[in-house]
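Whatever order the structure lists them in is the order used to number ligands and atoms, beginning at 1.
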Amino acid sequence: MPFCQTKCTYCNFHTGVVSSSRFAPYVDAVCREIREHATFYERASVDVSRALGALTVDSLYIGGGTPSLLDPAHIASLLGTMRATFAMNSPEVTLEADPETIAAEKAAVWVAAGVNRVSCGLQSFVDKELVASGRMHRRADIYRAGPILRAAGIRNISFDLIAGLPHQTAASWRQSLDELANLQPEHVSVYLLEIDEGSRLGLEVLQGGSRYSARDIPSEDDMANFYETAQEHLRAAGYHHYEISNWAKPGYESRHNLKYWRRQPYLGFGAGAHSFAGGNRWANAHDAADYVTALEDSRLPIEQHEILSAERALEEELFLGLRQLGGIDVDKIERDYSVQLASRFDPLAKQGLLERSGNVVRLAQRKLSVSNEVFVELLR
Ligand code: SF4
């Protein structure tokens, strides 16, 4: 759902601020893509019929953007279309929701439609940081939204925080972590602020400007320290760190996210949605208006399609697998891909970037905050 109320300064997603009159045609187009996905793939020469033959869905994820902005009847319509199209196996059904958009009436419809997990982008509990980042919610909205979700029957809540927002300090970061832990969500994601030209804030930082509080973002060293503080706080609060950016209470690891890192098949519907099945990766056009127009013309606007080579698939096994703190099973990968990996791993292990124990290789615990640099070395 590529729609938001405003554009956060750090956002590098393809989302737009549009009139709510555009939501219904968009949802209609997505429902059509879901219903007729097999025909659309065939027309676009994405050959996944064998991979999809016996597909059973155990995870649905409605993300954005801000899908909680939609009329809840739209969410019900999407989930109803999914159930009418695919075989289901007790799916985890996640809806992304921003705190200020959560209301009791909406939450009741979400739950009746099958939503059983809500993921909230909180980012911070400090209003000064939220204001500077262009977020619409404030700390008070978080305390209002949490009880609404619980009262509606949501037993699986995920909260996101961002380390590196403008004005963030070691003390304010600890405050956000403490307040989050007190609310006891089942799942937590902590992301480091990304500085790139894809966001207004990132571009301003790269150009040395001062708009969007660009001169008030913490240093890279501070961000790395914030990440380590999060590791300590969340461990002490009973969370299991299972992926570079994700922590969960036992049994609440995100099924949806695990599929990406384990390279299990998934289908994405909607503008900018990515899919992976049968060795194919493909993505729909990002522009919501182009997407709707194409669906009205009975075609799927696929703008990227890659049939993975064995080398590319192996690279994915390595960098997606190593995102998980459990590490990767080297023997299995060597067998599956007929390769020897010692020459890739040994130099990095000597530098203290990777750790090997038996047939398992994992990122060194103290290198998690610089994982991208390790992956660049690994795939060099
Ligand atoms: S709510 Fe999320 S998707 Fe929307 S602008 Fe903000 S960061 Fe981007």
Side-chain angles (χ1 to χ4, degrees), residues 1-20 22-23 26-27 30 61-71 74-75 78 94-103 106 110 117-142 144-145 149 157-168 176 180 185 187-205 211-214 217 223 245-246 254 256-257 268-274 283-289 291:
M1 290 298 135
F3 308 120
C4 290
Q5 298 186 86
T6 56
K7 190 81 176 170
C8 303
T9 61
Y10 59 81
C11 181
N12 54 11
F13 296 141
H14 291 270
T15 58
V17 179
V18 301
S19 153
S20 59
R22 286 183 47 193
F23 296 168
Y26 181 80
V27 171
V30 178
Y61 194 101
I62 305 181
T66 310
S68 54
L69 263 186
L70 299 183
D71 184 324
H74 290 143
I75 302 295
L78 285 165
T94 306
L95 178 76
E96 282 188 350
D98 281 357
E100 78 283 5
T101 63
I102 294 173
K106 276 187 177 177
W110 297 339
R117 183 172 185 270
V118 173
S119 175
C120 290
L122 307 186
Q123 321 315 4
S124 166
F125 282 75
V126 178
D127 282 353
K128 185 177 180 186
E129 296 166 16
L130 294 168
V131 172
S133 307
R135 294 293 310 192
M136 291 292 283
H137 74 274
R138 301 291 174 260
R139 176 175 175 274
D141 292 308
I142 300 170
R144 191 186 51 76
L149 294 175
I157 294 178
S158 182
F159 285 158
D160 296 356
L161 291 179
I162 294 180
L165 292 177
H167 303 298
Q168 212 165 43
S176 286
L180 176 139
H187 187 275
V188 179
S189 300
V190 174
Y191 299 108
L192 299 184
L193 182 76
E194 288 180 19
I195 304 295
D196 59 39
E197 59 283 348
S199 72
R200 288 178 293 160
L201 173 60
L203 191 59
E204 193 69 11
V205 172
R211 287 182 301 170
Y212 316 121
S213 304
I217 60 168
M223 279 191 232
S245 307
N246 290 279
S254 162
H256 171 76
N257 289 0
F269 302 114
H274 285 64
N284 290 346
H286 282 99
D287 186 88
Y291 170 82

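With Tyr212 as the aromatic partner, Arg200 meets the cation-pi criteria of under 6.0 angstrom to the ring centre and within 45 degrees of the ring axis.
A salt bridge between Asp71 and Lys106 is absent, with no side-chain N of the basic residue lying under 4.0 Å from a carboxylate O of the acidic one.
Atom 8 (Fe) of ligand 1 has an N, O or S atom of Cys11 under 2.8 Å away, backbone or side chain. Using a cut-off of 2.8 Å, one finds that Cys8 contributes an N/O/S atom close to atom 6 (Fe) of ligand 1.
The shortest heavy-atom contact between Leu78 and Met1 is CD1-CE, 3.6 Å.
The aromatic rings of Tyr26 and Tyr291 sit tilted, their planes meeting at an angle between 30° and 60°.
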- Task: Kindly indicate, with the supporting measurements, whether the criterion side-chain hydrogen bond (donor to acceptor under 3.5 Å, both in side chains) is fulfilled by Glu129 and Gln123.
- Result: CA-CA 9 Å; Glu129 296 166 16; Gln123 321 315 4; over 6 Å; no
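In terms of protein heavy atoms, atom 1 (S) of ligand 1 is closest to Asp98 OD2, 3.5 Å. Among protein heavy atoms, the minimum distance from atom 4 (Fe) of ligand 1 is reached at Cys4 SG, 2.2 Å. What sits closest to atom 2 (Fe) of ligand 1 on the protein, heavy atoms only, is Arg135 NH1, 4.1 Å.
Under the 3.5 Å distance criterion, the side-chain polar atoms of Thr66 are left unmatched by any main-chain donor or acceptor of Leu69.
Under a 4.0 Å criterion applied to the non-hydrogen atoms of Phe13, ligand 1 contributes the atoms 3 (S). The atoms of ligand 1 that sit less than 4.0 Å from any heavy atom of Thr6 are 5 (S). For ligand 1 and Gly65, the ligand atoms under 4.0 Å from any heavy atom of the residue are 3 (S).
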